[in-house]
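A short worksheet on the structure shown next.
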Amino acid sequence: MSLFNGNKKSSDNDKEIKNRTTDSLDINIGKVKETLKDCDDIVYKEFVVGEEQKLRFTLVYIDGMSDTTLLNMTVLESLMISAREVAPDASKFADKLYELVRYGNLPASELKGTEDLDEAILDILIGDAVLFIDGTATLITIGAKGWPTRGVNEPNTESVIRGPRDGFVETFRKNTALVRRRIRDPRLKLKQMKIGVRSKTDVGIFYIEDIVTKELVDEVLRRLESIEIDAILDSGYIEQFIEDDPYSPFPQISITERPDHVAAELYEGRVVILVDNTPFALIVPATLNSMFQSPEDYYDRWFIASVLRFIRIIASFIAMLLPGLYIAFTSYNPGIIPTRLVLSIAASRQGVPFPAVVEAFVMEMTLELLREAGIRLPAPIGNTIGIVGGLVIGQAAVQAGIVSPIMVIVVALTAIASFANPSYNLSIGFRIMRFGLMIIAGLLGLYGLTLGFILIITHLTRLKSFNVPYLAPFVAMRTTDLKDTVYRAPIYKMVRRPSLTSRNKIRLRNNRGIINQKAKGGPKNDKKQ
Amino acid sequence: MIKNNDTISPYQITMIVIMTIVGVGIFSLPAQLADTAGSDSWFVILIGGLLNLMPLNIILMINNRFPNKTLPEYAQDIVGKVPGKIITAIYAIYFIIFVAYEVRIINEVIKSSLLLRTPSEVIMLTMILTATYAVRGGVECVARVMEMFFPLLFIPLFLIMIPGIADLDLTNIMPVFYNLSSKILVSLPNMALSFAGYEVLMFYVGFMENPKKAYKSANIGIIFVTVLYMVIIILCLTMFGVTMLKDSIWPLLGYVRDIDLPDLFLERLDAVMLAIWLFTVYTTIVSLYFVVTYSISKILGTKEQKQFVLPLVPIIYYMALLPQNIVYLKEMENFLFQYLGIILIFLIPIVLLVIAWIRKVRGEVS
């Protein structure tokens with residue numbers, strides 16, 4: 001049962017055609033040349049076929065976008081050379097020429113007939129070649145896309161120690177193939193559409209039909225179809241059009257470069273949006289919890305994965321709260337920390353001319369500057385920036401008496417902690433929050449910091465991603481969903497899929513009982529035999 | 001997938017009960033009870049919890065008689081349009097004073113421990129404004145805030161309490177059950193005070209799909225609070241003894257302050273405790289505040305409650321400023337809980353239920 005009967009993509013000739021082709025090759029080519037005027041990279045290969053050389057053909061494609069080797073072998077060679085052996089007689093075959101060529105003469109795998117000139121021009125622009133035949137209105141599109149692409153590499157942003165090494169690339173088709181390889185299920189569906197009035201970017205929506213909820217797919221399609229823009233250059237454009245709350249500092253859609261991550265999310269009932277020209281896939285709906293998960297969590301044994309996940313959560317708290325706590329403790333409530341620590345902080349702050357807020361701001365700003373500069377620079381110079389930055393943050397600033405050594409520790413800790421999160425865009429959200437919390441801690445101390453924290457939590461509770469609460473499963477509580485949160489239960493115990501997104505709930509059978517039985521009873525049986 | 005409409009789950013009802021009741025009262029509760037019930041106050045609070053189950057279940061009975069309806073709606077069904085609106089208005093005023101009281105108390109506590117020189121205006125206004133953000137999110141957001149802050153509050157709370165166990169002296173709760181009945185009688189007003197808050201269920205249960213499930217959830221909530229109070233009272237009682245406990249203003253803070261953690265990163269836990277405590281005051285304020293704005297929107301017959309949130313800020317602020325000092329604050333507390341509270345928690349629900357019985361009005365099951 002298909003979910004979208006009414007939405008089916010039109011096949012060869014069944015839709016209303018605005019710009020219909022004619023029988024005359026010259027008129028057709030003239031129209032194409034008119035539309036594609038001043039596009040000098042378009043090739044019009046004219047040739048004649050047959051003993052008497054009466055059949056005129058023109059092959060149109062864009063130089064560099066189409067695979068010329070493929071075109072030479074499948075179109076030119078077979079029509080110009082092989083066809084001569086059984087010479088088609090123009091007068092005899094003229095009315096059947098299209099069928100003969102399409103079904104008998106072109107040994108290419110992807111062929112399509114059309115009478116719509118606009119569609120043909122779009123196909124040319126995508127990278128296919130279009131064959132015009134004199135005397136026949138139907139054009140033949142030969143799938144010959146062959147533009148320069150990058151090979152499948154290990155993704156840069158989400159490296160893992162254990163797990164598959166392949167990552168998405170900029171080619172839509174390669175990416176869909178990488179996903180299909182992991183889900184050999186006829187129920188894995190891919191709906192494609194083109195977004196962007198000028199760019200006509202391919203956008204694909206992946207979902208597994210009997211796991212995903214229909215409302216979610218409908219909602220994703222509805223939001224995607226509402227996009228009207230001239231060009232989509234990256235999935236980030238799509239993300240900004242379809243996210244729920246554009247004013248939130250927290251990302252409401254997860255992004256990934258890893259096909260195994262995409263497959264795992266599909267199996268949990270989420271919808272994945274792939275966009276041409278970018279290796280970043282979008283996963284909806286996203287929850288805060290899902291952004292703390294790395295694909296590696298499921299490849300390691302559960303105990304290790306749980307500890308790592310706990311560390312990540314602690315790290316996020318540190319990245320968000322530590323500078324604020326430092327400010328609150330040193331300027332308002334030194335009584336909370338032990339006397340000896342207070343004394344050593346006070347001693348180290350002696351000679352520092354600024355209050356703790358300013359001190360923290362100077363250092364955190366320096367850190368962000370270093371980070372930003374490090375990204376923009378090429379790798380060899382980036383290292384230099386690291387060393388210079390280390391000196392500025394570490395030694396020199398302390399010796400100059402601008403900041404205290406403890407502040408250096410605080411900054412270093414927040415820097416490390418903010419990179420411990422597997423989701424890059426989420427950690428940016430936490431980093432931005434950190435500055436707000438520093439200001440409010442400077443104004444109202446621990447009380448202000450707590451209020452700020454309350455505000456952040458309330459904001460997260462108000463957030464939603466495609467109608468799923470952002471803090472699920474902590475709000476809208478289901479106890480079975482808690483197995484994959486702060487700790488990750490053993491895989492064999494996660495019998496159910498997350499209840500908020502999926503419907504076909506049971507995903508595995510807990511086999512521990514059988515294995516334990518075998519382990520106990522096994523040797524006995526061997527003896528009997 | 002979660003539906004988008006404003007419904008509350010049974011689990012969220014438990015959270016609302018717990019997070020609304022547990023508010024500033026817990027700071028002073030052990031001292032007030034020690035004053036009236038002495039060494040038996042841990043048992044008296046248990047009785048208090050059980051006694052409160054009765055008005056709670058009366059409230060739930062009305063809610064079940066009018067499923068999917070809140071107090072402003074069914075009060076009009078029972079006693080007519082204008083009297084119903086008057087009853088709603090009384091509740092709204094009561095909850096506004098309640099919010100103002102919470103804000104004022106937290107101001108006193110913060111001023112005495114965390115921010116000694118910061119003006120009260122700043123503390124109170126920031127607290128109220130923080131709450132407005134959640135209230136503007138509507139009932140769905142309010143319920144989820146309760147749900148979210150529950151673990152954030154209670155996990156650290158219990159972690160903080162545990163180290164104090166080493167210093168406890170169990171002889172302090174002796175003698176047991178001495179002159180019990182008179183103690184219970186004297187402590188009755190305190191019990192109304194410490195459990196006040198669950199009357200918000202008259203509003204929140206109306207948002208449930210199946211109000212029958214509220215019985216279990218709400219009763220669990222009250223029992224949880226009773227056990228929590230018992231634990232806190234036993235801890236404070238055994239730590240300080242009756243005589244010392246009577247004279248302290250906020251004994252729970254004192255308990256945490258006395259915990260000595262040598263050579264740890266944090267020396268004084270009371271400031272941390274206060275920070276965590278802000279969570280529960282915040283949830284209480286949010287829960288009550290929403291009910292106020294909701295009542296006003298129902299009285300005036302508007303669809304949204306959002307637009308009444310910000311105009312209420314100066315009113316709450318002004319009311320919180322009314323008591324001149326902590327003595328007047330006590331008077332406000334007495335007025336709020338001993339007179340108004342008992343009428344609103346106990347009398348009006350009973351009267352409404354009886355009238356509904358007599359007039360045979362009941363809500364339609366949709």
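Reckoned from all heavy atoms, side chains included, excluding hydrogens, waters and symmetry mates. Reminder, nothing fancy here: chain letters follow the sequence lines and each chain counts from 1.
Using a 4.5 Å cut-off between heavy atoms, B/I110 contacts chain A through its side chain alone, with no backbone atom that close. Residue contact with chain A, scored on non-hydrogen atoms closer than 4.5 Å, is absent for B/M15. With a 4.5 angstrom heavy-atom cutoff, B/L116 does not touch chain A via any of its atoms. If you measure heavy-atom distances from B/F150 to chain A, you find no contacts under 4.5 Å at all. Neither the backbone nor the side chain of B/R257 comes within contact range of chain A; no heavy atom of the residue lies under 4.5 Å from a heavy atom of that chain. With a threshold of 4.5 angstrom between heavy atoms, B/V122 approaches chain A through side-chain atoms but not through N, CA, C or O.
The distance from atom OG1 of B/T130 to atom CG of A/L451, rounded to the nearest 0.5 Å, is 4.0 Å. Atoms CZ and CZ, on B/R144 and A/R462 in that order, are 12.0 Å from each other to the nearest 0.5 Å. For the atom pair CD1 (A/I440) and OG1 (B/T126), the distance works out to 7.5 Å, reported to the nearest 0.5 Å. If you take CG on B/N107 and OH on A/Y447, they are separated by 7.5 Å, rounding to the nearest 0.5 Å.
Shortest non-hydrogen contact noted between B/A275 and A/T450 is O-CG2, 3.0 Å. The minimum heavy-atom distance linking A/N333 with B/L114 is given by the pair ND2-O, 3.0 Å.
Atom CZ of A/F310 has 12 or fewer neighbouring heavy atoms from other residues, nucleotides or ligands inside a 6.0 Å radius. At most 12 heavy atoms of other shown residues, nucleotides or ligands fall within 6.0 angstrom of atom NZ in B/K306. Other residues, nucleotides and ligands contribute at most 12 non-hydrogen atoms within 6.0 Å of the NZ atom of B/K213.
The greatest number of non-hydrogen atom pairs below 4.5 Å with chain A, out of B/V145, B/T118, B/V286, B/L278, is found for B/L278.
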Quiz item: Taking it one step at a time, do A/T461 and B/F149 satisfy side chain to side chain contact (heavy atoms under 4.5 Å, CB included)?
Solution: CA-CA 10 Å; A/T461 356; B/F149 277 101; 5.7 Å; no
Exercise. Start with the C-alpha gap between B/Y282 and A/L455, add the side-chain angles, then the distance that decides, and say whether side chain to side chain contact (heavy atoms under 4.5 Å, CB included) holds.
Key: CA-CA 10 Å; B/Y282 171 73; A/L455 266 182; 5.7 Å; no
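A 4.5 Å side-chain heavy-atom check between A/F474 and B/E147 finds every atom pair outside the cut-off.
No cation-pi contact links B/R117 to A/Y332, judged by a cut-off of 6.0 Å to the six-membered ring centre and 45° from its axis.
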